Chemist: 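Mind looking over this structure? Questions follow.
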Amino acid sequence: DQLQSWIRGNVSICPRSIFIFDEMDKMHAGLIDAIKPFLDYYELLDGVSYRQAIFIFLSNAGAEKITEVALDFWRNGKEREDIQLTDMQNALSVSVFNNRNSGFWHSTLIDRNLIDYFVPFLPLEYKHVKMCVRVEIESRGYAVDEDILSRVADEMTYFPREERIYSDKGCKTVDAKLDYYYDL
């Protein structure tokens, strides 16, 4: 009731409201179905239109499926950048819907096709981690030292273990690793 009231109040004030639900994988299954009326195909709901409101759901629930697709592309000699949204949509939708550890587990939002897009956050490769390191060095005001840049990128952990293709943590620990090389 509180969630519905909060959404209703915000959209009544600003029809183009954006709602971001973070860590959906930690949300109690079924709770998100409380907002179904706002996403459903109604022109007006209690005199309010929700057609211009945007709902964004962030989740790690489909991470395994995203990784699986990315690795399949790599194993087939394709670039990560060749992965298209259409390569992920159905598999991701089914994976999230059937994941018991997801706020979307058997959700009517998925069952009734009320989510327009599942946008995957693809795993980062070594070259992407190097880009993160470069940006972090530059944001600290230092000239980029290619040796330090490579050492920091090399220190990150990658998977699969043997091939070391994708970063385990993306770029999350880059700033802490740079602290070792630069006196702060």
Side-chain angles (χ1 to χ4, degrees), residues 16-28 32 53-105 107 109-110 115-184:
R16 295 180 192 265
S17 294
I18 296 178
F19 300 94
I20 301 174
F21 294 83
D22 196 6
E23 299 190 357
M24 286 294 300
D25 46 307
K26 295 180 179 144
M27 185 177 286
H28 185 275
I32 201 63
I54 297 172
F55 293 83
I56 298 173
F57 306 104
L58 303 174
S59 178
N60 289 322
E64 302 85 22
K65 184 55 74 175
I66 293 168
T67 299
E68 181 184 313
V69 171
L71 282 171
D72 285 346
F73 265 69
W74 177 77
R75 288 181 183 122
N76 289 318
K78 297 179 183 175
E79 297 290 321
R80 173 188 172 273
E81 286 73 14
D82 293 334
I83 298 172
Q84 299 294 309
L85 192 56
T86 54
D87 296 320
M88 293 280 186
Q89 285 299 298
N90 291 337
L92 206 46
S93 174
V94 170
S95 172
V96 171
F97 182 76
N98 289 321
N99 185 333
R100 288 185 180 274
N101 299 319
S102 164
F104 288 115
W105 184 66
S107 170
L109 297 183
I110 295 175
I115 297 178
D116 294 327
Y117 297 102
F118 286 87
V119 180
F121 290 91
L122 298 175
L124 301 180
E125 295 176 345
Y126 180 80
K127 65 183 176 184
H128 303 114
V129 172
K130 285 183 80 171
M131 289 180 205
C132 293
V133 176
R134 180 178 304 283
V135 167
E136 183 63 28
I137 291 171
E138 290 171 347
S139 74
R140 293 179 180 204
Y142 295 111
V144 175
D145 179 323
E146 294 295 329
D147 182 53
I148 291 174
L149 187 149
S150 293
R151 282 196 275 168
V152 170
D154 289 343
E155 289 172 9
M156 302 293 283
T157 55
Y158 297 89
F159 70 93
R161 189 168 303 210
E162 296 301 317
E163 294 91 347
R164 294 180 41 102
I165 306 301
Y166 300 115
S167 173
D168 277 340
K169 297 179 182 116
C171 290
K172 290 180 183 174
T173 59
V174 164
D175 59 335
K177 292 193 179 297
L178 274 175
D179 289 345
Y180 176 78
Y181 293 99
Y182 294 100
D183 236 358
L184 298 179

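Keep in mind that what you see is a predicted model, and the values were worked out from it rather than measured. Every heavy atom of this structure was used, including side-chain atoms; hydrogens, water molecules and symmetry mates were not. Throughout, residue positions are numbered sequentially from 1 according to the sequence presented.
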Chemist: Which pair of non-hydrogen atoms, one from I66 and one from F121, has the smallest distance, and what is that distance?
Modeler: CG2-O, 3.8 Å

Chemist: Partners of A153 by side-chain contact (heavy atoms from CB on, under 4.5 Å), sequence neighbours excluded?
Modeler: Y126, V129, K130, Y158

Chemist: If you compare all heavy atoms of P160 against all heavy atoms of I165, which two are closest, and at what distance to 0.1 Å?
Modeler: CD-CG1, 4.1 Å

Chemist: Only counting residues at least two apart or in another chain, list the ones meeting side chain to side chain donor-acceptor pair (under 3.5 Å) with Q89.
Modeler: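 Expected list: none.
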
Chemist: Can you name the residues that form a ring-ring contact (aromatic ring centres under 6.0 Å, His included) with F21, not counting sequence neighbours?
Modeler: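 Here the qualifying residues are F57.
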
Chemist: Does anything in residues 146-168 pair up under salt bridge (charged side-chain N to carboxylate O under 4.0 Å, His left out), and if so which pairs, sequence neighbours excluded?
Modeler: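 Residue pairs with at least one partner in residues 146-168: R134-E146, D147-R151.
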
Chemist: List in chain and number order the residues that pass salt bridge (charged side-chain N to carboxylate O under 4.0 Å, His left out) with E138, two or more places apart in sequence or in another chain; answer none if no residue qualifies.
Modeler: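 In terms of salt bridge (charged side-chain N to carboxylate O under 4.0 Å, His left out), with neighbours along the sequence ignored, E138 is linked to no residue.
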
Chemist: Would you call K78 and I83 a side-chain contact if the rule is heavy atoms closer than 4.5 Å?
Modeler: no

Chemist: Can you check whether I148 reaches V133 side chain to side chain, under 4.5 Å on heavy atoms?
Modeler: no

Chemist: Please name all residues satisfying ring-ring contact (aromatic ring centres under 6.0 Å, His included) with Y166, sequence neighbours left out, ordered by chain then number.
Modeler: F159

Chemist: Give, for atom CG of N60 and atom CD of E23, the distance between the pair rounded to the nearest 0.5 Å.
Modeler: 7.5 Å

Chemist: What residues, two or more places apart in sequence or in another chain, satisfy salt bridge (charged side-chain N to carboxylate O under 4.0 Å, His left out) together with K65?
Modeler: E68

Chemist: Can you list the steps and then say if M156 with V174 is a side chain to side chain contact (heavy atoms under 4.5 Å, CB included)?
Modeler: CA-CA 8 Å; M156 302 293 283; V174 164; 4.1 Å; yes

Chemist: If you take all heavy atoms of P120 and L85, which pair is closest and at what distance?
Modeler: CD-CD1, 3.6 Å

Chemist: Please identify each residue that fulfils side-chain contact (heavy atoms from CB on, under 4.5 Å) with S17, with sequence neighbours left out.
Modeler: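 Partners of S17 under the side-chain contact (heavy atoms from CB on, under 4.5 Å) test: N10, V11, C14, F19.
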
Chemist: Can you name the closest pair of heavy atoms from R80 and P123 and give their distance?
Modeler: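 Minimum heavy-atom separation between R80 and P123: NE-O, 2.6 Å.
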
Chemist: Could you please spell out the steps behind the side chain to side chain contact (heavy atoms under 4.5 Å, CB included) verdict for L122 and M88?
Modeler: CA-CA 10 Å; L122 298 175; M88 293 280 186; 3.5 Å; yes

Chemist: Suppose we screen for side chain to side chain donor-acceptor pair (under 3.5 Å). Which residues come up paired with E81, at least two apart in sequence or across chains?
Modeler: H128

Chemist: Taking the side chain as C-beta and beyond, is there a heavy-atom pair between I137 and Y182 under 4.5 Å?
Modeler: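 Yes, their side chains come closer than 4.5 Å.
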
Chemist: With rounding to the nearest 0.5 Å, note down the distance linking CG in L178 to OH in Y142.
Modeler: 9.5 Å

Chemist: Applying side chain to side chain donor-acceptor pair (under 3.5 Å), can you list everything that pairs with E125, at least two apart in sequence or on another chain?
Modeler: none

Chemist: Could you give the distance from CG (D72) to CG (D87), rounded to the nearest 0.5 Å?
Modeler: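 With rounding to 0.5 Å, CG (D72) is 10.5 Å from CG (D87).
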
Chemist: With sequence neighbours left out, write down each residue that passes side-chain contact (heavy atoms from CB on, under 4.5 Å) with I20, or none if nothing qualifies.
Modeler: I18, I56, L58

Chemist: What pair of heavy atoms forms the shortest contact from D175 to R140, and how long is it?
Modeler: O-NH2, 2.8 Å

